[in-house]
Amino acid sequence: MSRPVLPQPPPYSAVPVTVVRLPGGREERDFVAAEEPLEIRINGVAVAVTMRTPGHDEELAVGFLLTEGLLKRPADVVAVRPYPRNELGNVVDVLLSP
């Protein structure tokens, strides 16, 4: 029985690896979920670090702050942007109204 051909995942969500299929020990290429840390800041102050599959970081940050009670309502968000002093892009800054 042949294995189904899997569609290519989005480039930010998975990374290619070599796996050994058993029985038989045949090597083949497969994909595993990518996971990276994301630091969430409010008005420049770090409040949390979470692990995530990269992509949609702005939505994740606002949703995290809402569910943790650090944000009362989405309308309080002025902007969400990458933190300018991090070259890796794993930091977002949520700017809130006063």
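Predicted, not measured: the structure shown is a model, and the values here were computed from it. All values below come from the heavy atoms of this structure, side chains included, with hydrogens, waters and symmetry mates left out.
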Do you reckon Ile40 sits in the same ILVMFWY cluster as Val91, going by side-chain contacts under 4.5 Å, direct or chained? no

Grab the two heavy atoms, one from [X] and one from [Y], that are nearest each other, plus how far apart they are.
| X | Y | answer |
| --- | --- | --- |
| Ala34 | Thr53 | O-OG1, 3.2 Å |
| Phe31 | Ala14 | CB-CB, 4.1 Å |
| Val78 | Ser97 | CG2-N, 3.4 Å |

Let me confirm one number: the [atom1]-[atom2] distance from [X] to [Y], rounded to the nearest 0.5 Å.
| X | Y | atom1 | atom2 | value |
| --- | --- | --- | --- | --- |
| Asp93 | Leu95 | CG | CG | 5.0 Å |
| Leu71 | Leu66 | CG | CG | 4.5 Å |
| Leu65 | Ile42 | CG | CD1 | 4.5 Å |
| Glu39 | Asp57 | CD | CG | 12.5 Å |
| Glu36 | Met51 | CD | CE | 8.0 Å |

Do any N or O atoms from the side chain of Asp76 and from the backbone of Leu96 form a donor-acceptor pair under 3.5 angstrom? no

Using modelled atom types only, decide if a donor and an acceptor are shared between the side chain of Arg81 and the backbone of Val94 within a distance under 3.5 Å. no

